[in-house]
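One structure is given below, encoded as structure tokens.
This structure is a prediction, so every number in the text was calculated from the model and none was measured.
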Amino acid sequence: MSETKAVIGITMGDGAGVGPEIILKSLQNQEIYDLCHPLVIGDAKIMNRAKAYVNSSLNVEAVTEDQLSSLNYEHGTVYCLDLNLLSEDLPLGQVSAEAGHAAFEYLAKAIDLAKKQQIDAICTAPLNKEALHKGGHKYPGHTEILADLTGTSEFSMMLSAPNLKVIHVTTHVGLIDAVKMINPERVYRVIQLAHETLTKSGIAQPRIAVCGINPHAGENGLFGYGEEEEKVVPAVQRAQDEGINVVGPLPADTLFFRTVRGDFDIVVAMYHDQGHGPVKVLGLDAGVNITVGLPIIRTSVDHGTAFDIAGKGIVEEKSMMEAIRQAVELAPKKP
């Protein structure tokens, strides 16, 4: 018996950015329809406007929530659950409260649909944090919105690129605050999340490596004030005692090279730039952002709204396509 394809809810993100373009470019590919049923959640008028930017012949069809169960998802038609929140003349490449609020509402609707099992996973196009705040939604980003609206207290951002997966102990906070926030319980929980996520994906005993906080992972007290011994070592030992295959803390300056080489399956990074930098060196269009620990599956492109090139049709869709693929891979399988 063949499996029923997963319905992937693709949020449009900030309508003034490249979200509509990368969605159209991705859905131009028959491969996506072979993999899943893609449903765009956004504004149909903005999706239609973007067709000219990318020279797309796709038919964008506005639909309502009542119609979702009867859609046939044939290649050539892009179904858009039309929330109708944006004006047709929304300026491209500019921060606006209108677009920030709409981006929040697209995600909120996707979360609602996932909770009601009308979609099987969420894949998000980028939003703009300044626009989000101007629109009245004081969140650091997608991850925190998802956690809040699903009532999730323990979550983490995982970045996935070819040969490198990174999960974060802290993300959108300043460096001084990040170091304060790191503690053995949080580090342990992120190690657990990494283990659970990779085990579910089919890796029986994932090899997990944990970064240090200071240069050279403190080098036995030479750098820092004993943060590794206080904050990281107890978590690693606790996880090891439970049978998790984890080592650390290890110097970050060599750990990412070793992981890309194949020594480890995933790296636990202590703060935002420690984890993001190495992934983005591999290519801005290669990474996928996955929120781990949620009751629903969410993947995302690992790049921003790219206001500087919005409307030019030159944005790469590779990260969006990979995010859709990973959403399908992680989505609950249906008979």
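- Distance alone, capped at 3.5 Å, places no donor-acceptor pair between the Arg298 side chain and the His142 backbone.
- Within a 6.0 Å sphere centred on CG of Asn72, heavy atoms belonging to other residues, nucleotides or ligands number more than 12.
- Here the closest non-hydrogen pair linking Asp112 and Glu65 is OD2-OE2, 4.4 Å.
- Using a 4.5 Å cut-off on side-chain heavy atoms (C-beta onward), Leu35 and Ile8 make no contact.
- The cluster map of Ile, Leu, Val, Met, Phe, Trp and Tyr, joined by side-chain heavy atoms under 4.5 Å apart, puts Leu175 and Val187 in the same cluster.
- Here Glu98 does not pair with Lys134 in a salt bridge; the nearest charged N to carboxylate O distance is not below 4.0 Å.
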Legend entry - Worked verdict on Asp66 versus Thr64 for side-chain hydrogen bond (donor to acceptor under 3.5 Å, both in side chains): CA-CA 5 Å; Asp66 292 340; Thr64 65; 4.8 Å; no

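- Considering only heavy atoms from C-beta on, Lys109 comes within 4.5 Å of Leu83 through its side chain.
- Ile46 and Val63 fall within the same hydrophobic cluster, defined by Ile, Leu, Val, Met, Phe, Trp and Tyr side-chain heavy atoms under 4.5 Å apart, directly or through other members.
- In this structure a side-chain-to-backbone donor-acceptor pair under 3.5 Å is missing from Glu228 to Val233.
- Of the residues Gln30, Gln28, Glu31, the one that meets the side chain to side chain donor-acceptor pair (under 3.5 Å) test with His75 is Gln30.
- Panel note: side chain Asn29, backbone Ser26; a donor-acceptor pair is recorded below 3.5 Å.
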Legend entry - Intermediate values then yes/no, side-chain contact (heavy atoms from CB on, under 4.5 Å), His168 and Met158: CA-CA 6 Å; His168 294 72; Met158 185 171 90; over 6 Å; no

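- Here the CE-CD1 distance, from Met157 to Ile167, works out to 11.0 Å after rounding to the nearest 0.5 Å.
- Environment of CG in Leu222: crowded, with over 12 heavy atoms of neighbouring residues, nucleotides or ligands closer than 6.0 Å.
- Counting non-hydrogen atoms of neighbouring residues, nucleotides and ligands closer than 6.0 angstrom, the CG atom of Asp241 exceeds 12 such neighbours.
- Proximity of Val78 to Lys51: side-chain heavy atoms (C-beta onward) are nowhere separated by under 4.5 Å.
- Side-chain atoms of Asn289 never come within 3.5 Å of backbone atoms of Ser300 as a donor-acceptor pair (strictly under, hydrogens ignored).
- A distance of 14.5 Å separates CZ in Phe256 from CG in Asn163, rounded to the nearest 0.5 Å.
- Residues Tyr188 and Val236 do not share a hydrophobic cluster, defined by chaining ILVMFWY side chains whose heavy atoms lie under 4.5 Å apart.
- Within the 3.5 Å criterion, the main-chain N or O of His133 finds a donor-acceptor partner in the side chain of Lys138.
- In this structure, a donor-acceptor pair under 3.5 Å is absent between the side chains of Tyr225 and Asn214.
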Inset, instruction - For the pair Val246 and Val268, evaluate side-chain contact (heavy atoms from CB on, under 4.5 Å) and give the outcome as yes or no after the intermediate values. - result: CA-CA 10 Å; Val246 58; Val268 176; 6.0 Å; no

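- Here the shortest heavy-atom pairing between His172 and Pro140 reads CB-CB, 3.7 Å.
- Phe223 and Met270 fall into different hydrophobic clusters, where Ile, Leu, Val, Met, Phe, Trp and Tyr residues are linked whenever their side-chain heavy atoms come under 4.5 Å apart, directly or through other members.
- Here Leu193 contributes atom CG and Ile266 contributes atom CD1; the two are 9.5 Å apart, rounded to the nearest 0.5 Å.
- Salt bridge status for Glu185 with Arg238: present, with a side-chain N to carboxylate O gap under 4.0 Å.
- Residues Leu90 and Arg49 meet the side-chain proximity criterion, which asks for heavy atoms closer than 4.5 Å.
- Applying side-chain contact (heavy atoms from CB on, under 4.5 Å) to Ile22 and the options Glu316, Met320, Met321, Lys318 leaves one that passes, Met320.
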Legend entry - Intermediate values then yes/no, side-chain contact (heavy atoms from CB on, under 4.5 Å), Val166 and His276: CA-CA 8 Å; Val166 182; His276 278 60; over 6 Å; no

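- Formation of a donor-acceptor pair under 3.5 Å by the Lys165 side chain with backbone atoms of Ala194 is not found in this model.
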Legend entry - Verdict with supporting geometry, Ile297 and Asp120, side-chain contact (heavy atoms from CB on, under 4.5 Å): CA-CA 8 Å; Ile297 300 300; Asp120 300 295; over 6 Å; no

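- Annotation: Tyr79 is in aromatic contact with Tyr73 [ring centroid separation under 6.0 Å].
- With Asn183 contributing its side chain and Met181 its backbone, the two residues share a donor-acceptor pair below 3.5 Å.
- Here the CG-CG distance, from Asp265 to Leu198, works out to 6.5 Å after rounding to the nearest 0.5 Å.
- Judged by distance alone, with hydrogens and angles left aside, the side-chain atoms of Arg207 form a donor-acceptor pair with the main-chain N or O of Gly262 at under 3.5 Å.
- Heavy atoms only, all atoms of each residue included: Pro251 and Ala217 are closest at N-CB, 3.8 Å.
- Judged purely by atom type and a 3.5 angstrom limit, Glu242 has no side-chain atom pairing as donor or acceptor with the backbone of Ala239.
- Considering only heavy atoms from C-beta on, Leu330 comes within 4.5 Å of Thr299 through its side chain.
- Considering only heavy atoms from C-beta on, Met47 comes within 4.5 Å of Leu24 through its side chain.
- Between Thr152 and Leu146 the shortest side-chain heavy-atom distance does not fall below 4.5 Å.
- To the nearest 0.5 Å, atoms CG (Asp14) and OG1 (Thr305) are separated by 6.0 Å.
- Judged by distance alone, with hydrogens and angles left aside, the side-chain atoms of Lys25 form no donor-acceptor pair with the main-chain N or O of Glu317 at under 3.5 Å.
- Atom CZ of Phe104 and atom CD1 of Ile145 lie 6.0 Å apart (nearest 0.5 Å).
- The shortest side-chain heavy-atom distance between Tyr33 and Glu74 does not fall under the 4.5 Å cut-off.
- Between Thr11 and Ala110, the closest heavy-atom pair is CG2-CB, 3.7 Å.
- When all heavy atoms are compared, the tightest approach of Ser160 to Ile290 is CB-CD1, 4.2 Å.
- Considering all non-hydrogen atoms of both residues, Asp43 and Leu86 come closest at OD2-N, 2.8 Å.
- If you chain together hydrophobic residues whose side chains sit under 4.5 Å apart, Val7 and Leu294 fall into the same group.
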